[in-house]
There are 6 protein chains.
Amino acid sequence: VRPNITYIIPVTTSEGARGPAMLRQRCEALAAWAGERAGINVVGLEQGPLTIESFADEALAAAPSLARVREASQNGADAIIMGCYGDTVLEAARELSPIPVVGPGQASLHYAALLGERFSILTVVESVVPMLRRMVRLYGLEPRLASILPVGVAVAELASARDETVRRLFRQGRRAIRRHGADTLVVGCMSLAFEPRLTEFLQSELDVPVLNPARIALDVAISLCNQNLSHSRRPRRPGFAGA
Amino acid sequence: VRPNITYIIPVTTSEGARGPAMLRQRCEALAAWAGERAGINVVGLEQGPLTIESFADEALAAAPSLARVREASQNGADAIIMGCYGDTVLEAARELSPIPVVGPGQASLHYAALLGERFSILTVVESVVPMLRRMVRLYGLEPRLASILPVGVAVAELASARDETVRRLFRQGRRAIRRHGADTLVVGCMSLAFEPRLTEFLQSELDVPVLNPARIALDVAISLCNQNLSHSRRPRRPGFAGA
Amino acid sequence: VRPNITYIIPVTTSEGARGPAMLRQRCEALAAWAGERAGINVVGLEQGPLTIESFADEALAAAPSLARVREASQNGADAIIMGCYGDTVLEAARELSPIPVVGPGQASLHYAALLGERFSILTVVESVVPMLRRMVRLYGLEPRLASILPVGVAVAELASARDETVRRLFRQGRRAIRRHGADTLVVGCMSLAFEPRLTEFLQSELDVPVLNPARIALDVAISLCNQNLSHSRRPRRPGFAGA
Amino acid sequence: VRPNITYIIPVTTSEGARGPAMLRQRCEALAAWAGERAGINVVGLEQGPLTIESFADEALAAAPSLARVREASQNGADAIIMGCYGDTVLEAARELSPIPVVGPGQASLHYAALLGERFSILTVVESVVPMLRRMVRLYGLEPRLASILPVGVAVAELASARDETVRRLFRQGRRAIRRHGADTLVVGCMSLAFEPRLTEFLQSELDVPVLNPARIALDVAISLCNQNLSHSRRPRRPGFAGA
Amino acid sequence: VRPNITYIIPVTTSEGARGPAMLRQRCEALAAWAGERAGINVVGLEQGPLTIESFADEALAAAPSLARVREASQNGADAIIMGCYGDTVLEAARELSPIPVVGPGQASLHYAALLGERFSILTVVESVVPMLRRMVRLYGLEPRLASILPVGVAVAELASARDETVRRLFRQGRRAIRRHGADTLVVGCMSLAFEPRLTEFLQSELDVPVLNPARIALDVAISLCNQNLSHSRRPRRPGFAGA
Amino acid sequence: VRPNITYIIPVTTSEGARGPAMLRQRCEALAAWAGERAGINVVGLEQGPLTIESFADEALAAAPSLARVREASQNGADAIIMGCYGDTVLEAARELSPIPVVGPGQASLHYAALLGERFSILTVVESVVPMLRRMVRLYGLEPRLASILPVGVAVAELASARDETVRRLFRQGRRAIRRHGADTLVVGCMSLAFEPRLTEFLQSELDVPVLNPARIALDVAISLCNQNLSHSRRPRRPGFAGA
């Protein structure tokens with residue numbers, strides 16, 4: 001009874017060089033992490049934002065992402081991962097879907113709360129900071145937040161600026177620990193989470209737990225399937241009444 | 001220097017009987033309340049949900065509502081009101097727009113905090129309760145919330161069930177006061193807010209302040225324009241990177 | 001149906017040069033801001049403190065201010081503004097008065113919460129900081145407070161030290177933004193609020209919203225009158241039992 | 001080195017039957033409780049409210065109470081107790097006075113937090129509930145508050161309605177325990193606190209700690225004197241600038 | 001690289017009928033849940049309390065449990081589960097142990113926060129309620145707690161009163177949902193967690209997620225091992241200085 | 001009716017030079033502070049940790065400390081002081097004991113809250129910081145905590161490094177005031193609390209209240225005895241079920 005996990009990337013994957021490669025890379029990484037424990041399916045949007053780096057990007061991604069949730073839910077998936085650190089449309093997805101929908105932001109922040117007293121989130125650009133701050137507040141974890149630190153590299157530039165990005169993540173992680181009192185770090189961007197050996201490197205250099213939201217979301221999704229658990233559906237919420 | 005206020009209804013207004021009538025009615029009501037103080041423009045969506053009664057509806061409304069924000073911002077509006085009590089895409093709208101964007105939910109809850117110690121929100125159906133609860137938490141006003149009470153009448157049925165709706169609003173308001181300790185009530189649905197003399201009736205019957213989010217959003221929008229105030233744009237957020 | 005607003009200055013206005021000039025200046029400024037929207041009346045105390053810069057000053061102002069509230073309430077005012085940023089005797093005034101009583105501190109802090117995530121208050125001397133901190137806590141807005149920064153100029157010296165005061169307000173505002181993470185500023189003293197073009201200057205230099213509590217209190221007072229709203233009177237509180 | 005404690009009753013004690021008797025009774029009770037540990041002085045107001053049962057009463061009491069604080073501070077007192085459960089002008093008194101000023105409300109609520117998880121306050125009339133709620137919030141103890149329950153007997157009627165008052169205190173105390181989850185009770189009115197054997201009776205009947213704010217304030221005042229402790233005077237606050 | 005998990009039962013397992021059977025039953029259950037994913041070892045105390053149903057029991061269990069932690073840590077375990085819902089000596093264990101130490105209370109409460117808005121804990125006797133309430137507060141999850149409901153059956157009586165216990169758990173779960181607004185339930189006792197098909201039965205009857213802390217602790221322990229994660233050791237804490 | 005107070009030192013006092021001297025010194029100091037007000041008895045552990053500087057030390061101390069509580073409770077003590085700043089086994093002791101059990105940490109933190117707005121705790125080594133932080137959170141006083149600052153001197157070295165310890169306490173106290181905004185300081189270690197004239201010196205040098213937890217615990221214990229008060233025993237908790 002190996003569960004099937006559908007990982008939804010809420011950005012356009014149909015166009016240009018980045019999309020198909022991203023689908024392939026994330027599927028391989030998730031499958032390698034899952035091993036025998038789960039089957040993996042990765043899907044993206046035909047039309048949507050190129051990346052999610054603002055509330056406005058999130059708004060553009062909302063409707064097409066939700067359509068993917070509905071498809072996955074109908075096509076035999078056992079759990080869904082919303083593949084954006086900001087947990088795009090997580091609540092709407094849970095309204096529509098009886099199967100568990102896991103948000104990497106939510107899952108990783110609760111893991112952080114299991115492992116330390118105060119966490120910092122390392123992320124890409126400054127424009128996502130308000131989105132992540134709002135998310136932390138919604139989950140009731142603000143008292144545990146030390147800081148949210150961007151490295152000033154846009155998602156689209158990560159591939160070409162990998163070394164500089166890693167250096168800055170290290171520096172911001174060190175600053176979070178020394179200046180903001182963090183004892184645990186979370187990588188707050190799925191593109192960073194799929195960067196090979198990135199969290200491992202940061203953890204060995206910084207000597208605190210460094211959490212990878214992709215791996216955590218995967219483990220939580222499998223765990224929920226195995227235990228026959230899903231999000232609470234009380235009060236029952238109707239489907240949407242869209243045109 | 002009379003400001004121009006654009007009120008965006010984030011649901012389909014192009015189809016069926018409800019849309020055009022809703023545009024006309026809300027424009028007349030807002031214009032009457034504004035008097036000489038402001039010019040009013042009301043716009044809706046060509047494609048979108050029929051009503052907003054779930055997170056999924058909100059997701060469907062997000063992208064087209066944001067397009068309306070951009071248009072209003074470019075077409076000479078001085079302020080925008082997001083015409084849904086759940087403050088649909090408020091944060092995304094503020095990223096895109098230098099002019100003030102007022103959320104009736106946010107504005108009315110802060111007015112409630114000015115007038116009493118504990119407020120309850122009276123709304124339509126149970127499925128919006130989680131949306132409103134999330135909103136109250138985001139605004140940091142959870143400690144002031146007594147309860148959120150639905151009357152169990154869907155937005156689409158309000159017109160044909162007006163009397164029953166009013167009766168239930170009265171009963172839920174009384175319950176909020178007696179059982180949940182509310183000393184102030186807010187009408188938590190824009191369709192209710194535009195129902196003629198509804199809040200006045202409830203206030204006179206229940207003997208506590210009953211707030212109309214449409215009127216409050218209008219007054220706040222005009223006040224911000226007159227004082228040359230808008231939402232903070234620090235840290236500056238980029239526009240969206242959508243396809 | 002233009003409402004009459006009474007603005008009570010809770011300090012001695014009967015003696016020396018400052019009193020009568022202050023009454024005149026504030027009346028002119030409020031009338032100019034109100035335009036056709038409201039009639040303005042400004043009153044002060046015969047006996048009371050010269051300024052309110054400590055809890056002890058507040059204690060001296062309490063009884064005579066309350067007498068002014070009672071008079072205004074009986075003499076046909078439609079709303080009252082307690083003209084001190086610390087909202088002197090606001091709660092007592094609301095016990096005695098069925099008409100709305102607006103506190104500039106309370107009104108401006110809720111406006112700040114509408115416009116940004118974290119606000120700082122710029123004020124006169126260090127001795128008012130504990131009063132303002134207490135007020136922010138009472139209103140439940142402590143989680144939104146970045147800092148309260150005094151400029152070290154006493155109210156009585158503002159007139160003769162205007163340029164230095166403005167320079168220090170600018171420097172403290174910049175510090176609030178850079179060091180304390182404020183994205184919105186509030187001018188926390190009514191004497192500063194009536195200083196011509198002060199908030200406008202700070203807003204244009206600092207590039208964040210800078211709120212004027214006098215203008216906000218006025219707009220809120222007018223808005224409440226127009227909507228027939230007042231503070232909640234549940235539970236009903238008796239008048240005072242004074243000798 | 002027996003400390004001298006001045007207990008200030010912030011109501012009129014110069015007129016009618018109640019004043020002088022109250023001064024005498026409270027002095028005897030405090031002296032009996034203090035024994036060899038302290039000398040006791042009790043003073044009241046010449047002009048002020050008859051009782052403190054509203055914010056408006058508090059406003060009337062503020063200035064004359066503060067004058068008593070200043071006198072006590074200058075006349076060799078080692079500590080002051082503000083003899084009203086609402087801790088009237090406590091903060092202003094601490095500005096003016098280098099010697100410790102103890103508020104029975106504050107001291108008893110912190111004792112309650114030492115002895116239980118959740119406390120309820122039993123008090124006289126409904127009009128003081130908002131004052132006490134504000135006080136609990138100011139002291140940061142709201143998370144520990146179960147309820148504030150009035151018995152509906154005004155201070156002026158306590159003497160003639162003693163039996164009925166005791167019965168109602170018992171019933172409200174039982175309700176606080178059973179319905180609101182209180183495990184500790186505080187008597188929230190100084191006139192009740194000086195009622196002979198009242199708290200002892202309630203404690204023996206209700207089987208939870210029942211705190212007497214007069215005795216606690218006295219013990220805390222003596223303890224602070226013996227340990228050479230007083231309230232923090234950082235940041236230093238100036239005296240008042242009154243006429 | 002299958003991790004070895006040591007599950008420590010912090011009560012006496014050496015004496016009487018209950019101990020050895022408990023070791024065997026828990027080992028079989030954990031091994032069945034783990035399948036190929038992990039090796040399981042279950043150990044108990046030679047001397048300690050018979051059950052943990054009070055703070056005093058916890059105190060008795062502290063030192064011998066910690067000795068077991070040290071042994072496991074030295075004997076090649078890859079992770080430790082503290083097998084008591086109250087997370088006995090969790091913090092001390094983490095000081096001594098570089099390998100992850102999982103508390104079933106902590107892990108299950110964070111899972112509950114992933115699946116719903118408000119959870120209730122169903123437990124055995126009233127005397128553990130203060131322990132669980134303290135634990136919830138320590139983990140910062142009090143705002144999510146709906147209630148903690150005991151069934152009034154002591155751990156030692158569970159075996160002989162299974163049917164009655166199940167009935168009461170069902171009734172208390174229903175009460176938590178209807179009266180306290182819980183949308184998620186957690187079984188708050190390890191003896192209940194190992195009762196075959198108990199959580200499954202409650203979940204199917206009550207139609208909300210019902211969490212089994214034993215299974216969740218196991219999944220979290222395996223997940224942490226697979227991701228090479230452990231609790232933060234900043235600031236580094238020394239070992240104990242015991243005789 | 002002079003109450004008998006038993007002060008329990010939860011570390012080994014039977015061995016080496018430090019134990020007996022410590023018993024004698026603390027008994028003399030407490031007796032001197034108590035004067036005629038109370039009789040003093042000081043007891044330690046036969047077997048236990050040498051000092052309490054970690055959660056692990058606390059675990060070792062738990063069971064034997066609790067045995068001392070039981071003895072004191074049975075041998076005619078009127079109140080117990082748990083003589084460790086971390087309030088070791090305070091909750092378990094209160095389960096077992098009908099007489100008041102005072103924790104110096106809890107008592108001193110509530111005194112600090114009476115005297116200032118924000119306190120810092122000065123303590124010995126970094127490893128106790130997480131214990132004290134947990135304690136502050138449990139007592140609900142985190143919003144009042146400015147910082148916890150260790151001086152980096154272990155308890156066992158205090159005697160030989162007194163001068164250096166005092167210098168560092170002064171420097172950390174100054175830092176707490178200037179950098180962390182503390183207006184009140186608490187000495188967070190009982191060995192420091194019994195160092196002659198230490199808190200007096202720090203208070204006179206730093207010009208803020210500096211609280212001695214030993215003296216405060218003593219005064220609170222005597223006060224509770226005199227007022228016939230003890231901790232709430234609702235809900236009644238059973239004794240322990242240990243072997």
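Only this structure's heavy atoms are used, side chains among them; waters, hydrogens and symmetry mates stay out. Here is the naming used below: chain letters follow the sequence lines, and residue numbers restart at 1 for every chain. Note that the structure is a prediction, hence the values are computed from the model and not measured.
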Considering all heavy atoms, the nearest Ala59(C)-Val89(D) contact: CB-CG1, 4.2 Å
Closest approach of Ala63(C) to Leu60(D) (non-hydrogen atoms, all atoms of both residues): CB-CD2, 3.9 Å
Glu95(C) side chain to Phe55(D) backbone, donor-acceptor under 3.5 Å: yes
Residues, nucleotides or ligands: over 12 heavy atoms within 6.0 Å of Arg179(D) CZ: no
Listed partners of Tyr139(C) passing ring pair (Phe, Tyr, Trp, His ring centres under 6.0 Å), at least two apart: none
